[in-house]
Visitor: 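Encoded as structure tokens, here's the structure I'll be asking about.
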Number of protein chains: 2
Amino acid sequence: MSLGMRQRRLQTDPLPSWNEGPSKAAILRFLQEVTTEGGAAFVPPLDRVAVFDNDGTLWAEKPLYFQGSFALDRVKTLAAEHPEWQEQQPFRAVLEDDLESVFAGGMKAILDILVATHGGNTSEEFEQIVLDWIAGARHPETGRPYTEMVYQPMLELLGTLQTHGFRNYIASAGGIEFMRAWVEGVYGIPPEQVIGSSIETRFEIRDGKPVLVRLPQVDFVHDHEAKPVGIHKFIGRRPLLAFGNSDGDLQMLQWTAAGDGPRFLGLVHHTDAEREWAYDRESPVGRLDRALDEARAQGWTVVDMAREWRVVYPWEGSS
Amino acid sequence: MSLGMRQRRLQTDPLPSWNEGPSKAAILRFLQEVTTEGGAAFVPPLDRVAVFDNDGTLWAEKPLYFQGSFALDRVKTLAAEHPEWQEQQPFRAVLEDDLESVFAGGMKAILDILVATHGGNTSEEFEQIVLDWIAGARHPETGRPYTEMVYQPMLELLGTLQTHGFRNYIASAGGIEFMRAWVEGVYGIPPEQVIGSSIETRFEIRDGKPVLVRLPQVDFVHDHEAKPVGIHKFIGRRPLLAFGNSDGDLQMLQWTAAGDGPRFLGLVHHTDAEREWAYDRESPVGRLDRALDEARAQGWTVVDMAREWRVVYPWEGSS
């Protein structure tokens, strides 16, 4: 395609990286329904709220949740201050790059790593730590910065929703302060539209200056049943559109679907072993099983990544 | 003043219910500073966040926090379903209108009443309960609906901030779902810009329909040190302006003041025993003591209600 042709296509097609197919058609039909003034399904702009899972929905999540890679890298950075980690699990296994032993420690090992790497600093310090990490870290398989491992079709969907008067929220199990550090630049989603898991914080005056200290204690795990709870707490409105990719998003989709009038429910189905990864019912990361059954039973939109996405990553074709 | 004169004044003066004085001058000076493009203190619209306490700052709080009146009324409504309350404190005292005995029970009595009257329903049911109450209840001294016990000068400030590109948030110790039911209509503040105290909620499927059930358990008390914590959690940006009226707002003001560049810190000082109430250091409701000292030491704006507000309530002069 010539540059001129491509530009014309971009001007007329709001979703140029989506192949013509059932998902693209369903999105465009929905947008027309809820934004046509005078139409039976018209929704005023204030109520146009869209919620998106992040890991596996807006950016990739293999071979490991990217925030997991951040935590593992951070164990290595902090190891000099923690000589005891040389002998203490799960830290020793992390330092030896023995991920199998880390995961054998189950949820306890993961929480131990999480609080040791995410707490003990102020909110401002943590933001800088995340920014420094995300600027330098590279995906182990593609060698790309993690912020380039985002899905071009979903970026186009976020942009199209915005031009149709929607406010896009992230509703992720990822850390709220981890995401807020970089999502505005990457997705155009401002911090007040990010909902995620959190650790406890405490207000303190240090050297005469107020700070928020991040404690080594989990506050809120924003996944499964907790997603509608968090969405209701932060937004106070039922979303009009919800997009996820795993069983952790099922209740968010159910809660969205239960509203009056048309709602859009979407799942990214990772079917593309060549350009991305192919996984669903058996995957420990991003398992899609019950939600896939319910999506099919309810007629929700299931995006077949291999068939429906012309492009996966923004840099495809440019390198 | 003739109607014509009054209309001209409204057109040119964004704060017509504020007498010329130090508070009005400080507000207008601050707005000009942060919104003048090219000026040294210019702040882009995305960062123009204002936070307001509610009780005693946007609406009155005497003789009792209005949500307290809601809870007491609700004990009476629910008493038929709870015959045991005839003998059980603090409920018996409420049913006998013996507020002294209720308050003698301290925080435990208040929490008992709170969870008994605010939990045990779904979020949708609770919203309707609040809407029904606020439509019918009347203030015990003025006979006015509670939604008319709001401060006209503060409504004008909210409006002026909005026209200057600010997003106004409520950051109150009041219940988040109690406020969200009515604040959009009264203050023009949408639900996603309301932060408050909450009780635990749980996602459930009831008769095939997803609901959020309000449990009789406190989740988050959004007061004092917890205000900056809640503001940071919900907004993720430091406010540019904060307005409160009591010691419960001190940390929110400190947190706001600690940002770079100009910030506006305001306190409503209840000095008007004739038109409203006069109280500060000794008042159990809305105590203003430490925050008043700090405001004076730091040069924050302390609004002398009696001298600086030409009008207190929107209905003044109309009845």
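Just so you know, these numbers use all the heavy atoms, side chains as well, and skip hydrogens, waters and symmetry mates. Convention: sequence-line order gives letters A, B, ...; per-chain numbering from 1.
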Visitor: If I measure from the heavy atoms of chain B, does A:Val194 come under 4.5 Å with its side chain, its backbone, both, or neither?
Guide: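 For A:Val194, there is no contact with chain B at all, as no heavy atom is under 4.5 Å.
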
Visitor: Please determine if B:Glu200 and A:Lys233 form a salt bridge, counting it only when a charged side-chain N lies under 4.0 Å from a carboxylate O.
Guide: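 Salt bridge between B:Glu200 and A:Lys233, a charged N being under 4.0 Å from a carboxylate O: no.
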
Visitor: Would you indicate whether B:Arg290, at its atom CZ, is surrounded by more than 12 heavy atoms from other residues, nucleotides or ligands within a distance under 6.0 Å?
Guide: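 Open: at most 12 neighbouring heavy atoms sit under 6.0 Å from CZ of B:Arg290.
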
Visitor: B:Phe203 and side chain to side chain contact (heavy atoms under 4.5 Å, CB included): which single residue from A:Gln251, A:His232, A:Lys227 fits?
Guide: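 With B:Phe203 as partner, A:Gln251, A:His232, A:Lys227 yield a single side chain to side chain contact (heavy atoms under 4.5 Å, CB included), made by A:Gln251.
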
Visitor: Under the criterion side chain to side chain contact (heavy atoms under 4.5 Å, CB included), I'd like the reasoning laid out for B:Gln254 against A:Lys209: C-alpha separation, chi angles, the key distance, then a yes or no.
Guide: CA-CA 9 Å; B:Gln254 289 172 327; A:Lys209 196 177 172 257; over 6 Å; no

Visitor: Give, as side chain, backbone, both or neither, the part of B:Leu212 having an atom under 4.5 angstrom from any heavy atom of chain A.
Guide: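 Contact with chain A is through both the backbone and side chain of B:Leu212.
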
Visitor: Examine whether an atom of B:Ile195 lies under 4.5 Å from a heavy atom of chain A, and if so say whether it belongs to the side chain, the backbone or both; otherwise answer neither.
Guide: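 Neither; nothing under 4.5 Å.
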
Visitor: For chain B, which of A:Ser123, A:Pro191, A:Ala226 has the most heavy-atom pairs under 4.5 Å?
Guide: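 The option with the most such pairs is A:Pro191.
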
Visitor: Is it the backbone or the side chain of A:Glu177 that comes under 4.5 Å from a heavy atom of chain B, or both, or neither?
Guide: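 A:Glu177 touches chain B through side-chain heavy atoms alone.
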
Visitor: Would A:Arg202 and B:Glu225 pass as an ion pair if we require N to O under 4.0 Å?
Guide: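 Salt bridge flag = no for B:Glu225 with A:Arg202.
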
Visitor: Does any backbone or side-chain atom of A:Phe220 lie under 4.5 Å from a heavy atom of chain B? Answer side chain, backbone, both or neither.
Guide: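 Looking at A:Phe220, nothing touches chain B.
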
Visitor: Atom CZ in A:Arg167, atom CD in B:Glu192: separation rounded to 0.5 Å?
Guide: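 Between A:Arg167 CZ and B:Glu192 CD, I get 4.5 Å after rounding to 0.5 Å.
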
